[in-house]
Protein chains: 2
Amino acid sequence: MSIRKGRSVTISDVAEAAGVSRAAVSKVLRNAYGVSPGMRARVESTIEQLGYRPSVAARALRGSSYRLGLEIPYTGARFMTQIVEGAKRAVAGTPYQIILAPADGPEYDTLESLADGLVDGIIAISPLVDQAWLEGLARRVPVVMLGRHDTPAGYDTVTGDDHAGTRAVMEHLLSLGHRRIAHLTEPENVTTPGSGTPHSVRLEVYRACMTEAGLAEHIRVARRDVSGGDAVGAAAALLDLPEPPTAIFAGHDDMAVDALAAVGRTVAVAGYDNTDLAAHPLIDLTSVDQQGMEMGAQAATMLLERLKGRGEPRRFVAATRLLVRGSTSR
Amino acid sequence: MSIRKGRSVTISDVAEAAGVSRAAVSKVLRNAYGVSPGMRARVESTIEQLGYRPSVAARALRGSSYRLGLEIPYTGARFMTQIVEGAKRAVAGTPYQIILAPADGPEYDTLESLADGLVDGIIAISPLVDQAWLEGLARRVPVVMLGRHDTPAGYDTVTGDDHAGTRAVMEHLLSLGHRRIAHLTEPENVTTPGSGTPHSVRLEVYRACMTEAGLAEHIRVARRDVSGGDAVGAAAALLDLPEPPTAIFAGHDDMAVDALAAVGRTVAVAGYDNTDLAAHPLIDLTSVDQQGMEMGAQAATMLLERLKGRGEPRRFVAATRLLVRGSTSR
DNA sequence: GCATGTTTGTAGATCGGTCTTCAACGGGTG
DNA sequence: CACCCGTTGAAGACCGATCTACAAACATGC
């Protein structure tokens, strides 16, 4: 144990105590070639005795930090929990650890600061950053992006099948006889057509489904407040329309829950992500499951592959499944 | 921009390009004394041109990493959001950044791995680790602990006023005429009497209030599953008792929401933390607000103070406020 | 017995910064 | 004019690891 007052135990202390060179200790640590069983035992017991732990900073400078950075846009987003849990599961048993970097402002900053030698690789959920910029980042450090429908050269992507998922919701609502179906989504900057964000795809497919059903005139798009954050106001405003919708398809469960707060059970509501709250009897929200845990696990696994040398980009698309619950069926 | 293929831009590159020494560039970076305006301008423009960003690892090795680590027991805990947001707010405008370290297994590991030179200071929510061990940790790196009612020598603490908060809930329930009030809490290891965890205090005060009201015989304590994680089953079991409770006081909102899932509106339910979900009309949960955001902000602020040299331990106790909602009033 | 090859361990450069020490310079002062 | 001193910038040690050479010790083949 022996945690000393000021500085902590370094590799030199271990080397001295064990009567070997620093390089020898390093070899033992890294399980490198050229270590006799005798020396290994001696060094390991010394490490144990002194309570030595290698400095991450020093390691990162020369080799690797054994930390993977996961950038998350907003800590409160329920879907994140699934991603994080999946990623944690995937690195369990490896020497790697997940650290989370909450993005406050522009996502560029957070990503750059992660890339500044703190982590060996990055998993990010940044639909807003430019692809060219990302390719540049990916040249410096391995990157896996979540929720980007683009075709990158230098990084991997993990997405849900937003087309299928959205179609499933819309077909469900249409089959129930709804004609005035509104879509509640993120602010404009996240849904720019062609940008390839999940929410741009969901919006696009919503529009397509409505048009195909001959309901183009009933297309209504409401957006979450940029500032305030919640979607309660936007959903409430839908009810004030001359012809209010009978169903709301929300871009994700958090907004769907906000919608429920605004419209109660008067209007059918469907969400996306199947967060744990959706199954709660008092919420009872119809939602699209896109296997967030699996997405997180895949992302981490792909990152580990990249760290082992893979260069060609890979892509994983999670299958979706519609879970019909009370919010659309009563 | 010029992000080069392999390695990134180092301080030597900047020094060479600007025609000065590495030390000079370092001075400019750190805003250190002894830099002429001319040189500063030249170096800064070179930095800009080359897109140079200092390596965190190299910095951490000698000086500081400008990263504060926030250890969180479970990513899905709603209360965490408040803490994280508060901490982020407190470091905004400083050169420091918050990184989150999710604890998977034993919290010792996560804390140690944070202390391994990755961060300049630690905010942790680890009620289970030993105080002596924490004091040892605090000698190596500045530490602020959340939710520990102990009297440490080497670290700071931030807690809510669990006594007052719990009393407020209990008095509220009692004043409504409830006599069979059950308490839904965490597994045994988190509520060991005298351990000083928030949940041990809440349990203790619950017992005291019941006894004082002459209701000792109606004390019922149910606990969340250690493995499964949720408290639905434990709450449901309460209903199967010969004399089921008419009110449930849950140790925190997440468990209260689980309780609502199990018992619906048949039993009064009160929570703790006033997470954002509590105000939702479909949940409408009476809860104790303990200003999680303020707690997070205070914790970060205290840590910054410690980094500036403060040695004496400080303690912050957040005031609580009972918010009565529908879950106990209809 | 000697050349050759294989372990095993050490020396020392290196990563990219920080920080202390010190030399050079320029301007007052008596 | 000699002296002192504050300012500016450069040199170089240092942080704690990794990793490439390389030397020493030992085994093997002929």
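Per chain, numbering begins at 1; letters A, B, ... match sequence-line order.
Between A:Lys88 and A:Gln97 there is no side-chain heavy-atom pair separated by less than 4.5 Å.
OP1 or OP2 of D:dG16 has not a single side-chain nitrogen or oxygen of A:Ser12 nearer than 4.0 Å. The shortest distance between the side-chain N/O atoms of B:Ser55 and the OP1/OP2 oxygens of C:dG17 is not below 4.0 Å. Dashed line: the shortest gap from a side-chain N or O of A:Ser36 to OP1 or OP2 of C:dG9 is under 4.0 Å. Considering only side-chain N and O atoms, B:Arg22 lies nowhere under 4.0 angstrom from the phosphate OP1 or OP2 of C:dG16. When the side-chain nitrogen and oxygen atoms of B:Tyr66 are compared with OP1 and OP2 of C:dT18, none of them lie within a distance under 4.0 Å.
D:dT18 atom P lies 12 Å from atom CG of A:Asn31, rounded to whole Å. Between the CD1 atom of A:Ile11 and the P atom of C:dT10 there is a distance of 12 Å, given to the nearest Å. Note: CG (B:Leu61) to P (C:dT18) measures 11 Å, nearest angstrom. Atom NZ in A:Lys27 sits roughly 9 Å away from atom C1' in C:dT7 (whole-Å rounding). We find that CZ of B:Arg42 is positioned 8 Å from P of D:dG9, with the value rounded to whole Å. In this structure, the CG atom of B:Asp120 is 12 Å from the P atom of C:dT18, given to the nearest Å. In this structure, A:Asp116 places its CG atom 15 Å from C1' of C:dC15, rounding to the nearest Å. Look at CG on A:Leu29: it is 15 Å from P on D:dG16, rounded to the nearest Å.
When distances run from any side-chain atom of A:Thr10 to the nucleotides D:dG9, D:dC15, D:dA17, the shortest one goes to D:dA17. Of the listed nucleotides (D:dA10, C:dC19, C:dG12), C:dG12 has the atom at the smallest distance from the side chain of A:Ala23. In this structure, of D:dG16, D:dT18, C:dG17, it is C:dG17 that holds the atom nearest to the side chain of B:Arg59. Candidate nucleotides D:dT8, C:dA11, D:dT18 were compared by shortest atom distance to the side chain of A:Arg62, and D:dT18 ranks first. Among the nucleotides C:dT10, C:dT7, C:dT18, the one closest to the side chain of A:Ser21 is C:dT10.
Partner A:Tyr52 forms a side chain to side chain contact (heavy atoms under 4.5 Å, CB included) with one of A:Asp13, A:Thr46, A:Leu29 and no other, that one being A:Leu29. When B:Val317, B:Thr159, B:Thr197, B:Thr157 are each tested for a side chain to side chain contact (heavy atoms under 4.5 Å, CB included) with B:His149, only one passes: B:Thr159. Checked options B:Leu114, B:Val119, B:Val91, B:Leu118; the residue passing with B:Arg67 is B:Val119 (criterion: side chain to side chain contact (heavy atoms under 4.5 Å, CB included)).
Remark on DNA chain C: of its neighbouring residues A:Gly19 and A:Tyr33, the 5'-side contact belongs to A:Tyr33, judged by nearest-heavy-atom nucleotide.
Heavy atoms of B:Ala24 sit under 4.0 angstrom from primed sugar atoms or phosphate atoms, though from no base atom. At a threshold of 4.0 angstrom between heavy atoms, the contacts of B:Val25 with the nucleic acid are absent.
Checking A:Arg30 against A:Ser26 by side-chain atom types alone, a donor-acceptor pair falls below 3.5 Å.
A salt bridge does not link B:Asp116 with A:Arg59: every distance from a Lys NZ or Arg NE/NH1/NH2 to an Asp or Glu carboxylate oxygen is 4.0 Å or more.
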